Amino acid sequence: MTEAALSNDLPFPHRHLLGMQSLSRGDIERILDLSEGYVDFNRKGGPRRDALSGRTQINLFFENSTRTLTSFELAGKRLGADVINMNTEVSSTKKGETLIDTAMTLNAMHPDILVVRHPDSGAVALLSQKVDCAVVNAGDGKHEHPTQALLDALTIRRRLNRLEGLTVAICGDVAHSRVARSNIHLLNTMGARVRVIAPPTLLPTAVAQLGVEAYTDMRAGLEDVDVVMMLRLQRERMSGAFLPSVREYYHYYGLDHEKLACAKPDALIMHPGPMNRGVEIDTDVADDIHRSVIREQVEMGVAVRMAVLQLLTPQQGNG
Ligand code: CP
């Protein structure tokens with residue numbers, strides 16, 4: 001790894017990262033290329049860099065998170081930022097303060113970057129209009145989770161050497177999934193072919209407009225795909241009954257070795273986490289050391305978030 005691989009001389013043409021729809025193919029390639037350098041950097045375990053030295057990053061999560069919150073914290077610290085994880089459970093939002101008032105309060109403390117997760121679609125974009133710093137969407141409702149799509153793309157690109165021309169199946173609760181939406185935008189932009197596979201009740205209403213092929217039969221949808229991306233049932237975003245039973249869902253849509261046999265023999269198995277074993281994925285498939293890249297996705301998350309933080313703070317991005 002060379003220092004040049006981690007440098008950031010060219011301006012990045014975006015102030016915030018709110019979704020994948022606003023990123024061009026060149027923007028995505030730039031983030032992935034810089035992330036590659038950070039994969040090597042993280043594996044080597046050297047001293048922290050100073051690209052964000054003197055910068056303040058506030059992580060503001062109104063929803064639970066293990067992977068995204070921890071990796072954004074690690075990413076900021078490995079770049080030398082002062083990182084604050086705001087505990088929204090004990091914040092003044094519990095006393096009735098609105099999201100916008102909270103954002104403007106934090107803005108008055110002059111952070112350089114806010115990383116925000118919120119249960120409402122569009123909340124992070126709204127917040128970004130009220131602050132002076134860069135804002136990263138760490139997941140808003142069922143809208144977008146852009147850094148998840150970027151880390152998924154990095155994982156695929158490293159394993160299969162390309163994104164263009166691949167066929168990727170996104171399976172499960174597509175209707176409530178911000179991960180699915182961000183991945184669909186990214187994969188379409190990069191020239192991959194995207195299939196979504198779900199029961200009719202868990203397909204988005206305007207699925208045809210997303211530029212995907214929709215399947216309700218898992219085996220038909222998995223035929224000859226290069227990548228199988230499984231999704232959790234997002235019960236926290238469901239209102240009403242979408243499934244007869246979990247047992248029936250697993251029978252028809254749970255990924256086991258028998259259904260996986262429809263995909264290409266070397267197809268990658270992916271899951272953004274958290275997984276519900278025995279619901280959307282069989283435990284043997286999830287832990288298949290030859291096919292599953294689920295742990296690698298987590299590793300790529302730190303590298304991608306380092307790249308994103310660096311690119312969105314260009315004034316000190318050459319560190
Ligand atoms: N994939 C993902 O967003 O995981 P967390 O909810 O644990 O952050």
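Bear in mind the structure is a predicted one, so any value in this text is a computation, not a measurement. Counting starts at 1 for both ligands and their atoms, following the listed order.
- A salt bridge is defined here as a Lys NZ or Arg NE, NH1 or NH2 lying under 4.0 Å from an Asp or Glu carboxylate O, and Glu223 with Lys259 fails to meet this definition.
- Tyr38 pairs with exactly one of Arg43, Gln310, Arg305 by the side-chain hydrogen bond (donor to acceptor under 3.5 Å, both in side chains) rule, that one being Gln310.
- Taking 4.5 Å as the limit, some side-chain heavy atom of Met300 sits within range of a side-chain heavy atom of Val39.
- Arg291 has its side chain within reach of Leu260: a pair of non-hydrogen atoms, C-beta onward, lies under 4.5 Å apart.
- Close approach of ligand 1 to Gln148 is summarised as follows: ligand atoms under 4.0 Å from at least one heavy atom of the residue are 1 (N), 2 (C).
- At a 4.0 Å heavy-atom cut-off, ligand 1 touches Arg117 through the side chain alone.
- Contact annotation: for Glu63 versus ligand 1, there are no heavy atoms closer than 4.0 Å.
- For atom 4 (O) of ligand 1, the closest non-hydrogen atom on the protein side is Arg67 NE, 3.0 Å.
- In this structure, Gly273 is part of the shell of residues with a heavy atom less than 4.0 angstrom from ligand 1.
- Each of the following atoms of ligand 1 lies closer than 4.0 Å to a heavy atom of Pro272: 1 (N).
- Which parts of ligand 1 touch Thr68 is read off a 4.0 Å heavy-atom cut-off, strictly below it: atoms 2 (C), 3 (O), 4 (O), 5 (P), 8 (O).
- Remark: Asp152 does not engage Arg157 in a salt bridge, criterion side-chain N to carboxylate O under 4.0 Å.
- Per-residue contacts place Thr66 under 4.0 angstrom from the following atoms of ligand 1 (heavy atoms of the residue considered): 5 (P), 7 (O), 8 (O).
- Stacking of Arg117 on the aromatic ring of Phe61 is not recorded, the 6.0 Å distance cut-off and the 45° axial limit not both being met.
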